[in-house]
Amino acid sequence: MREGAVVQQSSSYVIAVLAAGLIAGAVPLAAVPQDRDFGEEQVDRQTRTFDLGASGFLDLTNVTGDITVTAGPGSRAEVEIVRRSRGRTAADVRRGLDEVTVEIVEERGGARLRARYPERQGRTPYSVSVAYVVTAPAGTRLTANSVVGDVTARGIEGDVSVDVISGSIDVRGVRASLVAKAVSGDVTVADVRTDAAVEVTSINGDITLRDIQGGGLRVNTVAGSVRVLDARVTSADLKSMAGDVTYQGSLAAGGRYDLQAHSGDVEIVVDGAAEFDFDARTFSGDITPDANLALTNVSATRRTLRGRAGGGGAALSATTFSGDVVIRRR
Amino acid sequence: MMTRCEDVRPALGDLVDRDADAATTDAIEAHFAGCDACRGLAADLVRLRDAAASLGPVAPPDAVWARLEAARRTPGSGAWRQWVGLAAALVLITIGVYAVNRWTASDAPQTSGNARGEASVEGVNEELRLALDHYENAIGQLKMLVATGDDSLEPEVAATLDRNMAIIDEAILDSRAALSDDPSNQPARASLLEALSQKVNVLQATVLLMNAMGQGDPAGAAEAAARAAGKSS
(Lines give C-alpha, C1' and ligand atoms only; values in the text may rest on other atoms or scores of the structure.)
Protein backbone atom coordinates (compact mmCIF):
# COMPACT_ATOMS: atom_id res chain seq x y z
CA MET A 1 0.00 0.00 0.00
CA ARG A 2 1.79 3.11 -1.17
CA GLU A 3 1.71 6.48 0.49
CA GLY A 4 -1.46 8.26 -0.50
CA ALA A 5 -3.07 5.07 -1.63
CA VAL A 6 -5.89 5.60 0.83
CA VAL A 7 -7.46 8.19 -1.41
CA GLN A 8 -6.70 6.34 -4.63
CA GLN A 9 -8.12 2.93 -3.80
CA SER A 10 -10.53 1.49 -6.28
CA SER A 11 -13.78 0.02 -5.12
CA SER A 12 -12.54 -3.46 -5.99
CA TYR A 13 -9.54 -2.94 -3.76
CA VAL A 14 -11.77 -1.86 -0.94
CA ILE A 15 -13.94 -4.93 -1.42
CA ALA A 16 -10.88 -7.16 -1.41
CA VAL A 17 -9.65 -5.55 1.76
CA LEU A 18 -13.00 -5.91 3.38
CA ALA A 19 -13.34 -9.46 2.19
CA ALA A 20 -10.33 -10.64 4.13
CA GLY A 21 -10.18 -8.14 6.93
CA LEU A 22 -13.82 -7.99 7.79
CA ILE A 23 -14.17 -11.71 8.29
CA ALA A 24 -16.29 -11.75 11.39
CA GLY A 25 -15.77 -8.02 11.72
CA ALA A 26 -12.07 -8.17 12.39
CA VAL A 27 -11.60 -4.58 11.29
CA PRO A 28 -13.31 -1.75 13.13
CA LEU A 29 -15.32 0.45 10.82
CA ALA A 30 -13.19 3.39 11.91
CA ALA A 31 -10.25 1.67 10.27
CA VAL A 32 -11.94 1.01 6.95
CA PRO A 33 -11.48 3.40 4.05
CA GLN A 34 -15.12 4.27 3.53
CA ASP A 35 -16.53 5.30 0.22
CA ARG A 36 -18.23 8.39 1.47
CA ASP A 37 -17.64 12.07 0.95
CA PHE A 38 -14.52 12.05 3.02
CA GLY A 39 -12.94 15.03 1.31
CA GLU A 40 -11.11 16.25 4.38
CA GLU A 41 -7.84 14.70 5.35
CA GLN A 42 -5.27 15.33 8.02
CA VAL A 43 -2.02 13.50 8.67
CA ASP A 44 -0.39 13.35 12.06
CA ARG A 45 3.25 12.29 12.34
CA GLN A 46 5.12 11.62 15.49
CA THR A 47 8.48 10.00 16.00
CA ARG A 48 9.52 7.92 18.96
CA THR A 49 12.95 6.57 19.77
CA PHE A 50 13.68 3.42 21.75
CA ASP A 51 16.98 2.11 23.03
CA LEU A 52 16.85 -1.54 22.01
CA GLY A 53 20.49 -2.48 22.28
CA ALA A 54 22.05 -4.85 19.77
CA SER A 55 19.37 -7.53 19.99
CA GLY A 56 16.31 -6.00 21.57
CA PHE A 57 12.76 -6.60 20.45
CA LEU A 58 10.17 -4.57 18.67
CA ASP A 59 6.54 -5.66 18.67
CA LEU A 60 4.29 -3.80 16.25
CA THR A 61 0.55 -4.37 16.03
CA ASN A 62 -1.65 -2.58 13.57
CA VAL A 63 -5.17 -2.71 12.21
CA THR A 64 -5.08 -0.71 8.97
CA GLY A 65 -1.89 0.62 7.46
CA ASP A 66 1.54 -0.45 6.35
CA ILE A 67 4.50 -1.44 8.47
CA THR A 68 7.97 -0.75 7.06
CA VAL A 69 11.07 -1.73 9.00
CA THR A 70 14.62 -1.08 7.80
CA ALA A 71 17.89 -1.91 9.52
CA GLY A 72 19.98 1.04 10.59
CA PRO A 73 23.16 1.73 12.54
CA GLY A 74 23.45 2.07 16.29
CA SER A 75 21.40 0.61 19.11
CA ARG A 76 18.33 2.80 18.92
CA ALA A 77 15.15 2.29 16.99
CA GLU A 78 13.31 5.21 15.52
CA VAL A 79 9.62 4.74 14.83
CA GLU A 80 7.64 7.24 12.85
CA ILE A 81 3.93 6.81 13.48
CA VAL A 82 1.83 8.21 10.69
CA ARG A 83 -1.89 8.52 11.40
CA ARG A 84 -3.98 9.54 8.43
CA SER A 85 -7.53 10.59 9.20
CA ARG A 86 -10.25 11.28 6.65
CA GLY A 87 -13.74 12.59 7.15
CA ARG A 88 -16.44 14.84 5.81
CA THR A 89 -15.54 17.80 7.96
CA ALA A 90 -12.41 19.07 9.65
CA ALA A 91 -14.03 18.37 13.00
CA ASP A 92 -14.64 14.73 12.07
CA VAL A 93 -11.06 14.37 10.91
CA ARG A 94 -9.81 15.86 14.14
CA ARG A 95 -12.04 13.52 16.12
CA GLY A 96 -10.56 10.58 14.27
CA LEU A 97 -7.09 11.58 15.32
CA ASP A 98 -8.26 12.04 18.89
CA GLU A 99 -9.94 8.66 19.13
CA VAL A 100 -7.53 6.45 17.20
CA THR A 101 -4.29 6.22 19.10
CA VAL A 102 -1.15 4.15 19.35
CA GLU A 103 -0.40 2.57 22.70
CA ILE A 104 3.31 2.44 23.42
CA VAL A 105 4.82 0.23 26.08
CA GLU A 106 8.54 0.28 26.73
CA GLU A 107 10.00 -2.76 28.43
CA ARG A 108 13.46 -3.93 29.27
CA GLY A 109 15.16 -4.57 25.96
CA GLY A 110 12.31 -3.58 23.74
CA ALA A 111 9.09 -1.79 22.95
CA ARG A 112 5.54 -2.67 21.97
CA LEU A 113 3.35 -0.44 19.83
CA ARG A 114 -0.31 -1.17 19.28
CA ALA A 115 -2.92 0.76 17.32
CA ARG A 116 -6.05 1.34 19.38
CA TYR A 117 -9.47 2.03 17.86
CA PRO A 118 -12.50 3.00 19.89
CA GLU A 119 -15.03 0.29 20.55
CA ARG A 120 -18.03 1.58 18.70
CA GLN A 121 -21.00 0.07 16.96
CA GLY A 122 -21.92 1.30 13.51
CA ARG A 123 -20.22 3.78 11.25
CA THR A 124 -17.87 6.44 12.44
CA PRO A 125 -17.72 9.88 10.81
CA TYR A 126 -14.06 9.32 10.03
CA SER A 127 -11.61 6.74 8.71
CA VAL A 128 -8.14 6.45 10.16
CA SER A 129 -5.14 4.42 9.02
CA VAL A 130 -1.92 4.07 10.97
CA ALA A 131 1.48 3.39 9.40
CA TYR A 132 4.72 2.57 11.14
CA VAL A 133 7.96 3.58 9.44
CA VAL A 134 10.79 2.09 11.46
CA THR A 135 14.58 2.17 11.44
CA ALA A 136 15.96 -0.37 13.91
CA PRO A 137 19.27 -2.02 14.82
CA ALA A 138 20.01 -4.94 12.52
CA GLY A 139 19.91 -7.44 15.39
CA THR A 140 16.39 -6.49 16.44
CA ARG A 141 13.90 -9.28 17.04
CA LEU A 142 10.84 -8.15 15.15
CA THR A 143 7.20 -9.08 15.51
CA ALA A 144 4.71 -7.38 13.21
CA ASN A 145 0.97 -8.09 13.19
CA SER A 146 -1.44 -6.34 10.89
CA VAL A 147 -5.04 -6.86 9.89
CA VAL A 148 -5.03 -4.83 6.67
CA GLY A 149 -1.76 -3.52 5.25
CA ASP A 150 1.56 -4.48 3.79
CA VAL A 151 4.56 -5.41 5.92
CA THR A 152 8.11 -4.87 4.67
CA ALA A 153 11.33 -5.71 6.52
CA ARG A 154 14.81 -5.03 5.19
CA GLY A 155 18.04 -6.22 6.79
CA ILE A 156 16.58 -7.20 10.16
CA GLU A 157 18.86 -10.00 11.32
CA GLY A 158 17.12 -11.05 14.52
CA ASP A 159 14.18 -13.45 14.60
CA VAL A 160 11.36 -12.10 12.44
CA SER A 161 7.69 -12.98 12.80
CA VAL A 162 5.05 -11.38 10.59
CA ASP A 163 1.31 -12.09 10.61
CA VAL A 164 -1.02 -10.34 8.19
CA ILE A 165 -4.67 -11.00 7.47
CA SER A 166 -4.91 -9.00 4.26
CA GLY A 167 -1.79 -7.56 2.70
CA SER A 168 1.54 -8.49 1.26
CA ILE A 169 4.67 -9.47 3.15
CA ASP A 170 8.14 -8.67 1.82
CA VAL A 171 11.16 -9.67 3.91
CA ARG A 172 14.77 -9.42 2.79
CA GLY A 173 18.06 -10.05 4.55
CA VAL A 174 17.03 -12.82 6.96
CA ARG A 175 19.77 -14.10 9.28
CA ALA A 176 17.75 -15.87 11.99
CA SER A 177 14.36 -17.58 12.11
CA LEU A 178 11.55 -16.30 9.94
CA VAL A 179 7.84 -16.94 10.29
CA ALA A 180 5.75 -15.08 7.72
CA LYS A 181 2.03 -15.81 7.47
CA ALA A 182 -0.70 -14.14 5.46
CA VAL A 183 -4.33 -15.11 5.26
CA SER A 184 -4.82 -13.22 1.99
CA GLY A 185 -1.75 -11.78 0.33
CA ASP A 186 1.45 -12.53 -1.49
CA VAL A 187 4.64 -13.26 0.40
CA THR A 188 8.12 -12.49 -0.93
CA VAL A 189 11.31 -13.46 0.87
CA ALA A 190 14.86 -12.96 -0.37
CA ASP A 191 18.47 -13.04 0.77
CA VAL A 192 18.22 -15.64 3.53
CA ARG A 193 21.31 -16.96 5.32
CA THR A 194 20.29 -18.93 8.37
CA ASP A 195 20.22 -22.42 9.80
CA ALA A 196 17.11 -21.51 11.76
CA ALA A 197 13.67 -22.48 10.54
CA VAL A 198 12.05 -20.52 7.74
CA GLU A 199 8.28 -20.92 7.57
CA VAL A 200 6.12 -19.08 5.06
CA THR A 201 2.39 -19.56 4.53
CA SER A 202 -0.58 -17.92 2.90
CA ILE A 203 -4.11 -19.11 2.37
CA ASN A 204 -4.74 -17.00 -0.69
CA GLY A 205 -1.59 -15.69 -2.34
CA ASP A 206 1.58 -16.45 -4.22
CA ILE A 207 4.76 -17.20 -2.31
CA THR A 208 8.20 -16.50 -3.74
CA LEU A 209 11.52 -17.16 -2.01
CA ARG A 210 14.76 -16.27 -3.75
CA ASP A 211 18.41 -16.67 -2.78
CA ILE A 212 17.79 -18.91 0.21
CA GLN A 213 20.67 -20.56 2.03
CA GLY A 214 20.35 -22.54 5.23
CA GLY A 215 18.38 -25.19 7.04
CA GLY A 216 14.76 -26.20 6.88
CA LEU A 217 12.21 -24.53 4.67
CA ARG A 218 8.45 -24.96 5.00
CA VAL A 219 6.19 -23.20 2.52
CA ASN A 220 2.47 -23.65 2.06
CA THR A 221 -0.40 -21.94 0.27
CA VAL A 222 -3.92 -22.97 -0.71
CA ALA A 223 -4.64 -20.71 -3.68
CA GLY A 224 -1.39 -19.55 -5.18
CA SER A 225 1.94 -20.66 -6.49
CA VAL A 226 5.04 -21.58 -4.50
CA ARG A 227 8.37 -20.64 -6.09
CA VAL A 228 11.66 -21.30 -4.36
CA LEU A 229 14.53 -20.09 -6.51
CA ASP A 230 18.28 -20.19 -6.10
CA ALA A 231 17.99 -22.31 -2.97
CA ARG A 232 20.72 -24.06 -1.00
CA VAL A 233 18.82 -25.56 1.90
CA THR A 234 19.10 -28.85 3.74
CA SER A 235 15.39 -29.63 3.61
CA ALA A 236 12.28 -28.25 1.97
CA ASP A 237 8.58 -28.96 2.40
CA LEU A 238 6.66 -27.07 -0.29
CA LYS A 239 2.90 -27.34 -0.85
CA SER A 240 0.21 -25.67 -2.88
CA MET A 241 -3.32 -26.82 -3.47
CA ALA A 242 -4.34 -24.71 -6.45
CA GLY A 243 -1.03 -23.56 -7.85
CA ASP A 244 2.31 -24.69 -9.18
CA VAL A 245 5.22 -25.65 -6.95
CA THR A 246 8.74 -24.86 -8.16
CA TYR A 247 12.07 -25.66 -6.55
CA GLN A 248 15.28 -24.53 -8.19
CA GLY A 249 18.56 -25.06 -6.43
CA SER A 250 20.91 -27.56 -4.86
CA LEU A 251 20.15 -30.73 -2.93
CA ALA A 252 22.18 -31.56 0.17
CA ALA A 253 23.36 -35.10 0.81
CA GLY A 254 20.97 -36.58 3.34
CA GLY A 255 18.53 -33.77 2.81
CA ARG A 256 14.81 -34.28 2.30
CA TYR A 257 12.79 -32.33 -0.27
CA ASP A 258 9.03 -32.88 -0.49
CA LEU A 259 7.04 -30.99 -3.11
CA GLN A 260 3.29 -31.44 -3.31
CA ALA A 261 0.52 -29.90 -5.39
CA HIS A 262 -3.05 -30.84 -6.12
CA SER A 263 -4.10 -29.22 -9.39
CA GLY A 264 -0.80 -27.54 -10.16
CA ASP A 265 2.46 -28.72 -11.67
CA VAL A 266 5.61 -29.55 -9.78
CA GLU A 267 8.77 -28.28 -11.42
CA ILE A 268 12.24 -29.11 -10.14
CA VAL A 269 15.46 -27.68 -11.50
CA VAL A 270 18.44 -29.15 -9.65
CA ASP A 271 21.96 -27.86 -9.75
CA GLY A 272 24.20 -29.75 -12.12
CA ALA A 273 26.09 -31.85 -9.62
CA ALA A 274 23.16 -32.85 -7.45
CA GLU A 275 22.96 -36.52 -6.45
CA PHE A 276 19.61 -37.73 -5.22
CA ASP A 277 16.96 -40.42 -5.02
CA PHE A 278 13.87 -39.33 -6.89
CA ASP A 279 10.29 -40.41 -6.34
CA ALA A 280 7.55 -38.79 -8.44
CA ARG A 281 3.88 -39.63 -8.49
CA THR A 282 0.82 -38.17 -10.15
CA PHE A 283 -2.75 -39.39 -10.44
CA SER A 284 -3.65 -38.00 -13.84
CA GLY A 285 -0.72 -35.89 -15.01
CA ASP A 286 2.53 -36.65 -16.76
CA ILE A 287 6.03 -37.10 -15.43
CA THR A 288 8.77 -35.70 -17.60
CA PRO A 289 12.37 -36.24 -16.54
CA ASP A 290 15.01 -34.52 -18.57
CA ALA A 291 17.34 -36.94 -20.36
CA ASN A 292 20.46 -35.39 -18.85
CA LEU A 293 19.40 -36.46 -15.38
CA ALA A 294 21.00 -39.83 -16.17
CA LEU A 295 18.81 -41.68 -13.70
CA THR A 296 19.76 -45.22 -12.76
CA ASN A 297 17.80 -47.93 -10.94
CA VAL A 298 14.77 -46.60 -12.73
CA SER A 299 11.35 -47.95 -11.93
CA ALA A 300 8.58 -46.31 -13.89
CA THR A 301 4.93 -46.63 -14.73
CA ARG A 302 2.78 -44.17 -16.61
CA ARG A 303 2.16 -42.18 -13.43
CA THR A 304 5.17 -42.94 -11.27
CA LEU A 305 8.89 -42.63 -11.61
CA ARG A 306 11.65 -43.63 -9.25
CA GLY A 307 15.33 -43.47 -9.88
CA ARG A 308 18.73 -42.47 -8.60
CA ALA A 309 20.92 -39.66 -9.85
CA GLY A 310 24.62 -40.14 -9.25
CA GLY A 311 25.20 -42.01 -6.02
CA GLY A 312 21.91 -40.87 -4.50
CA GLY A 313 21.78 -39.27 -1.08
CA ALA A 314 19.19 -36.53 -1.03
CA ALA A 315 15.58 -37.72 -0.96
CA LEU A 316 13.53 -35.81 -3.51
CA SER A 317 9.79 -36.44 -3.67
CA ALA A 318 7.28 -34.84 -6.04
CA THR A 319 3.56 -35.52 -5.79
CA THR A 320 0.70 -33.93 -7.67
CA PHE A 321 -2.84 -35.09 -8.15
CA SER A 322 -3.74 -33.73 -11.57
CA GLY A 323 -0.68 -31.71 -12.51
CA ASP A 324 2.54 -32.66 -14.24
CA VAL A 325 5.96 -33.30 -12.76
CA VAL A 326 8.94 -31.89 -14.61
CA ILE A 327 12.52 -32.32 -13.46
CA ARG A 328 15.77 -31.25 -15.08
CA ARG A 329 19.28 -30.16 -14.31
CA ARG A 330 20.33 -26.56 -14.54
CA MET B 1 20.15 -57.88 6.65
CA MET B 2 16.49 -57.16 6.03
CA THR B 3 15.52 -58.71 2.74
CA ARG B 4 11.96 -59.78 3.40
CA CYS B 5 8.91 -57.56 3.80
CA GLU B 6 7.96 -59.25 7.05
CA ASP B 7 11.35 -58.25 8.45
CA VAL B 8 11.11 -54.68 7.23
CA ARG B 9 7.56 -53.75 8.15
CA PRO B 10 7.92 -54.00 11.93
CA ALA B 11 10.67 -51.39 11.70
CA LEU B 12 8.83 -48.89 9.50
CA GLY B 13 7.30 -47.11 12.47
CA ASP B 14 10.71 -46.40 13.92
CA LEU B 15 11.97 -45.29 10.53
CA VAL B 16 9.12 -42.83 10.12
CA ASP B 17 9.62 -41.55 13.66
CA ARG B 18 13.35 -41.26 12.93
CA ASP B 19 14.08 -43.63 15.79
CA ALA B 20 15.75 -46.28 13.66
CA ASP B 21 19.52 -46.58 13.94
CA ALA B 22 21.73 -46.01 10.93
CA ALA B 23 22.20 -49.68 10.10
CA THR B 24 18.46 -50.35 10.20
CA THR B 25 17.75 -47.28 8.14
CA ASP B 26 20.25 -48.34 5.49
CA ALA B 27 18.84 -51.85 5.40
CA ILE B 28 15.27 -50.63 5.01
CA GLU B 29 16.17 -48.18 2.30
CA ALA B 30 18.01 -50.91 0.45
CA HIS B 31 14.87 -53.00 0.67
CA PHE B 32 12.79 -50.07 -0.65
CA ALA B 33 14.82 -50.09 -3.85
CA GLY B 34 13.17 -53.32 -4.83
CA CYS B 35 9.87 -53.21 -2.98
CA ASP B 36 7.23 -50.68 -3.94
CA ALA B 37 4.79 -52.10 -1.39
CA CYS B 38 6.96 -51.37 1.64
CA ARG B 39 8.03 -48.07 0.21
CA GLY B 40 4.39 -47.12 -0.26
CA LEU B 41 3.55 -48.14 3.29
CA ALA B 42 6.32 -45.95 4.61
CA ALA B 43 5.08 -43.03 2.52
CA ASP B 44 1.59 -43.45 3.93
CA LEU B 45 2.95 -43.53 7.46
CA VAL B 46 4.93 -40.36 6.85
CA ARG B 47 1.86 -38.57 5.54
CA LEU B 48 -0.27 -39.71 8.44
CA ARG B 49 2.37 -38.54 10.87
CA ASP B 50 2.72 -35.19 9.11
CA ALA B 51 -1.02 -34.73 8.85
CA ALA B 52 -1.49 -35.34 12.54
CA ALA B 53 1.40 -33.09 13.47
CA SER B 54 0.19 -30.28 11.24
CA LEU B 55 -3.27 -30.32 12.70
CA GLY B 56 -1.95 -30.23 16.24
CA PRO B 57 -4.03 -29.93 19.36
CA VAL B 58 -6.63 -27.20 19.07
CA ALA B 59 -6.76 -25.18 22.25
CA PRO B 60 -10.21 -23.79 22.91
CA PRO B 61 -9.87 -20.02 22.47
CA ASP B 62 -10.11 -18.08 25.70
CA ALA B 63 -13.06 -16.14 24.36
CA VAL B 64 -15.14 -19.28 24.19
CA TRP B 65 -14.58 -19.98 27.86
CA ALA B 66 -15.14 -16.35 28.76
CA ARG B 67 -18.45 -16.26 26.94
CA LEU B 68 -19.43 -19.59 28.38
CA GLU B 69 -18.77 -18.34 31.89
CA ALA B 70 -20.61 -15.08 31.26
CA ALA B 71 -23.60 -16.91 29.85
CA ARG B 72 -23.61 -19.35 32.72
CA ARG B 73 -23.88 -16.48 35.18
CA THR B 74 -26.84 -14.99 33.33
CA PRO B 75 -30.08 -16.37 34.78
CA GLY B 76 -32.52 -17.51 32.16
CA SER B 77 -30.01 -17.21 29.39
CA GLY B 78 -30.58 -19.77 26.71
CA ALA B 79 -27.38 -18.83 24.99
CA TRP B 80 -25.17 -20.61 27.43
CA ARG B 81 -26.28 -23.99 26.15
CA GLN B 82 -25.03 -22.99 22.76
CA TRP B 83 -21.66 -22.03 24.17
CA VAL B 84 -21.46 -25.23 26.14
CA GLY B 85 -21.89 -27.00 22.85
CA LEU B 86 -19.22 -24.91 21.20
CA ALA B 87 -16.75 -25.42 23.97
CA ALA B 88 -17.48 -29.11 23.97
CA ALA B 89 -16.92 -29.20 20.25
CA LEU B 90 -13.51 -27.67 20.65
CA VAL B 91 -12.62 -30.16 23.33
CA LEU B 92 -13.73 -32.99 21.10
CA ILE B 93 -11.59 -31.64 18.33
CA THR B 94 -8.65 -31.57 20.68
CA ILE B 95 -9.27 -35.11 21.80
CA GLY B 96 -9.70 -36.27 18.25
CA VAL B 97 -6.47 -34.70 17.21
CA TYR B 98 -4.63 -36.26 20.09
CA ALA B 99 -5.97 -39.62 19.02
CA VAL B 100 -4.57 -39.17 15.56
CA ASN B 101 -1.40 -37.74 16.97
CA ARG B 102 -0.15 -41.01 18.35
CA TRP B 103 2.22 -41.44 15.47
CA THR B 104 4.26 -38.65 16.95
CA ALA B 105 3.71 -39.48 20.61
CA SER B 106 7.10 -40.09 22.12
CA ASP B 107 5.74 -41.75 25.23
CA ALA B 108 3.61 -44.32 23.48
CA PRO B 109 4.03 -47.70 25.11
CA GLN B 110 6.37 -49.88 23.16
CA THR B 111 6.86 -53.55 23.82
CA SER B 112 8.29 -56.27 21.73
CA GLY B 113 5.93 -56.91 18.89
CA ASN B 114 3.81 -53.91 19.75
CA ALA B 115 1.51 -53.02 16.90
CA ARG B 116 2.55 -49.37 17.02
CA GLY B 117 5.80 -50.12 15.34
CA GLU B 118 4.44 -52.53 12.80
CA ALA B 119 2.96 -51.61 9.49
CA SER B 120 0.72 -53.61 7.25
CA VAL B 121 -1.47 -52.66 4.35
CA GLU B 122 -4.55 -53.25 6.46
CA GLY B 123 -3.11 -51.40 9.42
CA VAL B 124 -2.19 -48.35 7.41
CA ASN B 125 -5.55 -48.33 5.70
CA GLU B 126 -7.23 -48.41 9.08
CA GLU B 127 -5.05 -45.58 10.35
CA LEU B 128 -5.89 -43.58 7.26
CA ARG B 129 -9.58 -44.20 7.76
CA LEU B 130 -9.35 -43.12 11.39
CA ALA B 131 -7.43 -40.00 10.43
CA LEU B 132 -10.06 -39.10 7.83
CA ASP B 133 -12.82 -39.62 10.37
CA HIS B 134 -11.10 -37.28 12.80
CA TYR B 135 -10.66 -34.66 10.13
CA GLU B 136 -14.30 -34.91 9.12
CA ASN B 137 -15.33 -34.65 12.74
CA ALA B 138 -13.20 -31.58 13.30
CA ILE B 139 -14.46 -29.98 10.09
CA GLY B 140 -18.08 -30.60 10.98
CA GLN B 141 -17.72 -29.02 14.38
CA LEU B 142 -15.69 -26.08 13.15
CA LYS B 143 -18.30 -25.44 10.47
CA MET B 144 -20.89 -25.33 13.20
CA LEU B 145 -18.84 -22.70 15.02
CA VAL B 146 -18.48 -20.63 11.88
CA ALA B 147 -22.17 -20.90 11.07
CA THR B 148 -23.04 -19.75 14.57
CA GLY B 149 -21.04 -16.58 14.28
CA ASP B 150 -21.30 -15.61 10.66
CA ASP B 151 -24.21 -13.20 10.94
CA SER B 152 -21.69 -10.38 10.78
CA LEU B 153 -20.33 -11.51 7.44
CA GLU B 154 -20.88 -9.18 4.55
CA PRO B 155 -22.02 -10.93 1.36
CA GLU B 156 -18.70 -10.11 -0.29
CA VAL B 157 -16.85 -11.58 2.65
CA ALA B 158 -18.88 -14.74 2.57
CA ALA B 159 -18.23 -15.02 -1.16
CA THR B 160 -14.48 -14.72 -0.68
CA LEU B 161 -14.50 -17.32 2.05
CA ASP B 162 -16.61 -19.57 -0.13
CA ARG B 163 -14.17 -19.29 -3.00
CA ASN B 164 -11.29 -20.47 -0.84
CA MET B 165 -13.36 -23.27 0.57
CA ALA B 166 -14.51 -24.28 -2.91
CA ILE B 167 -10.92 -24.85 -3.97
CA ILE B 168 -10.34 -27.12 -1.02
CA ASP B 169 -13.65 -28.93 -1.41
CA GLU B 170 -12.93 -29.56 -5.06
CA ALA B 171 -9.62 -31.11 -4.11
CA ILE B 172 -11.36 -33.30 -1.55
CA LEU B 173 -13.93 -34.44 -4.09
CA ASP B 174 -11.24 -35.14 -6.70
CA SER B 175 -9.23 -37.18 -4.25
CA ARG B 176 -12.16 -39.13 -2.90
CA ALA B 177 -13.35 -39.98 -6.39
CA ALA B 178 -9.89 -41.20 -7.28
CA LEU B 179 -9.66 -43.28 -4.13
CA SER B 180 -13.01 -44.89 -4.78
CA ASP B 181 -11.52 -46.34 -7.94
CA ASP B 182 -8.08 -47.03 -6.52
CA PRO B 183 -7.97 -46.98 -2.71
CA SER B 184 -4.21 -47.39 -2.61
CA ASN B 185 -3.39 -44.52 -4.97
CA GLN B 186 -0.64 -42.53 -3.29
CA PRO B 187 -1.15 -39.10 -4.93
CA ALA B 188 -4.86 -39.29 -4.17
CA ARG B 189 -4.21 -40.17 -0.54
CA ALA B 190 -1.68 -37.40 -0.18
CA SER B 191 -4.01 -34.84 -1.74
CA LEU B 192 -6.95 -35.90 0.38
CA LEU B 193 -5.04 -35.61 3.64
CA GLU B 194 -3.58 -32.27 2.64
CA ALA B 195 -6.95 -30.89 1.54
CA LEU B 196 -8.64 -31.96 4.75
CA SER B 197 -5.84 -30.46 6.78
CA GLN B 198 -6.14 -27.18 4.90
CA LYS B 199 -9.88 -27.10 5.38
CA VAL B 200 -9.50 -27.50 9.12
CA ASN B 201 -6.90 -24.73 9.15
CA VAL B 202 -9.05 -22.27 7.22
CA LEU B 203 -12.03 -22.96 9.44
CA GLN B 204 -9.86 -22.57 12.52
CA ALA B 205 -8.61 -19.25 11.21
CA THR B 206 -12.17 -18.04 10.80
CA VAL B 207 -13.20 -19.20 14.25
CA LEU B 208 -10.18 -17.56 15.86
CA LEU B 209 -10.93 -14.32 14.05
CA MET B 210 -14.44 -14.34 15.42
CA ASN B 211 -13.25 -15.08 18.91
CA ALA B 212 -10.56 -12.43 18.83
CA MET B 213 -13.17 -9.91 17.78
CA GLY B 214 -15.42 -11.17 20.53
CA GLN B 215 -12.72 -10.21 22.97
CA GLY B 216 -12.64 -6.71 21.51
CA ASP B 217 -9.19 -7.33 20.12
CA PRO B 218 -9.24 -6.78 16.37
CA ALA B 219 -5.49 -6.33 16.15
CA GLY B 220 -4.92 -9.58 17.99
CA ALA B 221 -7.04 -11.26 15.35
CA ALA B 222 -4.22 -10.93 12.86
CA GLU B 223 -1.88 -12.96 14.97
CA ALA B 224 -4.49 -15.52 15.91
CA ALA B 225 -5.84 -16.05 12.44
CA ALA B 226 -2.52 -16.14 10.67
CA ARG B 227 -1.18 -18.54 13.28
CA ALA B 228 -4.04 -20.89 12.65
CA ALA B 229 -3.73 -20.45 8.92
CA GLY B 230 -0.12 -21.45 9.06
CA LYS B 231 -0.51 -24.63 11.03
CA SER B 232 -0.46 -26.81 8.03
CA SER B 233 2.92 -25.76 6.87
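The chains referred to below are lettered A, B, ... by the order of the sequence lines, with proteins before strands, and numbering in each begins at 1. Worth saying up front: this structure is predicted, and the values here are computed from it rather than measured.
- Only the backbone of B:A33 has a heavy atom closer than 4.5 Å to any heavy atom of chain A.
- Within the model, atoms CZ of A:F283 and CG of B:L179 stand 8.0 Å from one another, a figure rounded to the nearest 0.5 Å.
- Only the backbone of A:A261 comes within contact range of chain B, with heavy atoms under 4.5 Å apart.
- Listed by chain and number, the residues in a side chain to side chain contact (heavy atoms under 4.5 Å, CB included) with A:S240 are A:T221, A:V226, A:V245 (sequence neighbours excluded).
- In this structure, B:I167 CD1 and A:I203 CD1 are separated by 11.0 Å, a value rounded to the nearest 0.5 Å.
- The heavy-atom pair separating B:S191 from A:F321 by the smallest distance is OG-CB, 3.4 Å.
- Contact annotation: the side chain of B:Q198 approaches that of A:N220 to within less than 4.5 Å [non-hydrogen atoms, C-beta and beyond].
- For A:T282, the part lying under 4.5 angstrom from a heavy atom of chain B is the backbone only.
- When all heavy atoms of B:A190 and A:Q260 are compared, the pair lying nearest together is O-NE2, 3.1 Å.
- When heavy atoms are compared at a cutoff of 4.5 Å, B:D174 approaches chain A by way of both its backbone and its side chain.
- Each of B:E194, B:E170, B:K199 was checked for a side chain to side chain contact (heavy atoms under 4.5 Å, CB included) with A:M241, and the lone residue meeting it is B:E194.
- Interface remark: A:T320 contributes backbone atoms only to the contact with chain B (heavy atom separation under 4.5 Å).
- Considering only heavy atoms from C-beta on, A:T319 stays 4.5 Å or farther from B:R189 through its side chain.
- Heavy atoms closer than 4.5 Å to chain B are found nowhere in A:R303, neither backbone nor side chain.
- By the ring pair (Phe, Tyr, Trp, His ring centres under 6.0 Å) test, A:Y257 is found to be paired with A:Y247, residues two or more places apart in sequence or in another chain being considered.
- Among all heavy-atom pairs drawn from B:S175 and A:H262, the shortest one is OG-CE1, 3.6 Å.
- The structure places CZ of B:F32 at 12.0 Å from CG of A:D277, a figure rounded to the nearest 0.5 Å.
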